[in-house]
Amino acid sequence: MSFDHNDHYHRLLLRQMPPGCRTALDVGCGTGRFARLLAGRGIEVDGIDVSAEVIETAREASAGLPPRHRPDFRHMDATRARLPPGRYDFISCLAALHHMPFGTVAALRDALAPGGVLAVLGCYREASPADRAWSLAAVPVNAAARIAVAAREAARPRGGRDPGPPTAKAPVRRPEATLEEIRREAAVPLPGATLRRLLFWRYLLVFRKPGADG
């Protein structure tokens, strides 16, 4: 099982959930790891992805779970989907937003319930000296993490080793927008959102929708 940059930030994403979260949407859910993590907390979870292959793999990987811990995976294009307004307490999007027009965040915002949170773990294009410095700093940490994961898996009994993710993979696309471009684009549809750079070539964008009382 190799070190996965998106999986590394699952705990950070979970910390963005609003208190009392009951419903969640995972956009670009892939093979469903994060959606299953959410569902395991007793949350009603919908997972959507434009790839029919990964959705089928997500369903297969979740088949043995109790129904209450099993996300509802749907083959759906987030850029065309009619998401129910005000439906979700939490919406996550892991390394998927750069596959769609950035304006898709407006539809995700509208699908949030009052007080709900949109958390985007995204990829950006390196363009500045700061970008390159962060990238350089990540290289040795990334190598050490991969070695640690491999050593941990090798030390496990053969029958207890983690088989890793299912074989189906989502399509890969290089991000086109820089971090500053993302910051500017987010300002209008997601007023008050925070954006922070993360170590492993990622950023975290968090938007909290005003509550019913404003």
Side-chain angles (χ1 to χ4, degrees), residues 1-78 81-97 99 107-108 110-121 145 148-150 152-171 202 204 206-209:
M1 178 181 178
S2 63
F3 176 62
D4 186 283
H5 299 134
N6 297 326
D7 289 2
H8 175 75
Y9 290 113
H10 282 179
R11 290 184 182 179
L12 176 61
L13 287 162
L14 290 173
R15 291 200 293 271
Q16 311 311 314
M17 288 194 306
C21 180
R22 294 175 298 176
T23 55
L25 172 68
D26 190 24
V27 179
C29 63
T31 53
R33 277 192 173 187
F34 189 66
R36 285 190 291 275
L37 194 58
L38 290 170
R41 293 181 166 226
I43 298 169
E44 182 183 342
V45 182
D46 294 333
I48 63 173
D49 200 288
V50 72
S51 169
E53 182 183 8
V54 297
I55 285 294
E56 184 58 33
T57 303
R59 289 170 177 162
E60 291 174 359
S62 307
L65 297 175
R68 67 182 182 279
H69 292 162
R70 191 183 307 152
D72 182 9
F73 292 110
R74 305 175 189 175
H75 177 212
M76 185 181 296
D77 184 346
R82 294 186 177 181
L83 300 174
R87 159 75 173 150
Y88 300 103
D89 297 317
F90 183 64
I91 298 179
S92 54
C93 185
L94 282 68
L97 187 58
H99 289 265
L108 303 184
D110 293 344
L112 285 173
V117 174
L118 167 64
V120 176
L121 181 70
V149 170
R152 186 169 64 245
E153 287 300 309
R156 289 184 181 182
R158 184 175 299 274
R161 292 184 185 177
D162 189 334
T167 54
K169 294 182 179 180
R202 300 288 187 273
L204 177 66
V206 177
F207 170 73
R208 301 180 188 277
K209 191 171 184 176

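In what follows, residues are counted from 1 in the order of the sequence shown.
Taking each heavy atom of Arg36 and Ala61 in turn, the nearest pair found is NH1-CB, 3.6 Å. The two atoms that bring Met76 and Ala81 nearest to each other are SD-CB, 3.4 Å, heavy atoms only. Residues Leu38 and Ala24 approach most closely at CD1-CB, 4.0 Å, considering heavy atoms. In terms of heavy atoms, Ser62 sits closest to Pro71 at OG-CD, 4.3 Å. Residues Gly32 and Ala58 come closest through the heavy atom pair N-CB, 4.1 Å.
A heavy-atom distance below 4.5 Å is not found between the side chains of Pro114 and Lys209. Gln16 has its side chain within reach of Leu204: a pair of non-hydrogen atoms, C-beta onward, lies under 4.5 Å apart. A heavy-atom distance below 4.5 Å is not found between the side chains of Leu83 and Asp110.
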- For side-chain contact (heavy atoms from CB on, under 4.5 Å), just list the numbers for His99 and Val50, CA-CA rounded to whole Å, side-chain angles, deciding distance to a tenth of an Å, and then say yes or no. CA-CA 10 Å; His99 289 265; Val50 72; over 6 Å; no

- Does the side-chain contact (heavy atoms from CB on, under 4.5 Å) test come out yes or no for Asn6 and Arg33, once each step is laid out? CA-CA 10 Å; Asn6 297 326; Arg33 277 192 173 187; over 6 Å; no

- Message: side-chain contact (heavy atoms from CB on, under 4.5 Å) for Phe73 and Glu60? Distances and angles first, verdict last.
- Response: CA-CA 10 Å; Phe73 292 110; Glu60 291 174 359; over 6 Å; no

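Expressed to the nearest 0.5 Å, how far CZ of Arg11 lies from CG of Leu37 amounts to 9.5 Å. Taken to the nearest 0.5 Å, the CG atom of Leu112 stands 11.0 Å off from the CZ atom of Arg208. For the atom pair CZ (Arg59) and NE2 (His75), the distance works out to 9.0 Å, reported to the nearest 0.5 Å. Summarising the geometry, atom CG belonging to Leu13 is positioned 11.0 Å from atom NE2 belonging to His8; distances are rounded to the nearest 0.5 Å. How far CD of Glu44 is from SG of Cys21: 10.5 Å, rounded to the nearest 0.5 Å. In this structure, the separation between CZ on Phe34 and CG on Leu14 is 4.5 Å, given to the nearest 0.5 Å.
Not a single donor-acceptor pair under 3.5 Å links the side chain of Arg87 to the backbone N or O of Ala111. Proximity of a side-chain donor or acceptor of Asp49 to a complementary backbone N or O of Ile55 within less than 3.5 Å is not detected.
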List the atom pairs, donor and acceptor, that lie under 3.5 Å between side-chain atoms in residues 88-96 and the rest of the protein, sequence neighbours left out.
{"unit_1": "Tyr88", "atom_1": "OH", "unit_2": "Asp46", "atom_2": "OD2", "d": "2.7"}
{"unit_1": "Asp89", "atom_1": "OD2", "unit_2": "Arg22", "atom_2": "N", "d": "2.9"}
{"unit_1": "Asp89", "atom_1": "OD2", "unit_2": "Thr23", "atom_2": "N", "d": "3.2"}
{"unit_1": "Asp89", "atom_1": "OD2", "unit_2": "Thr23", "atom_2": "OG1", "d": "3.4"}
{"unit_1": "Ser92", "atom_1": "OG", "unit_2": "Asp26", "atom_2": "OD1", "d": "2.8"}

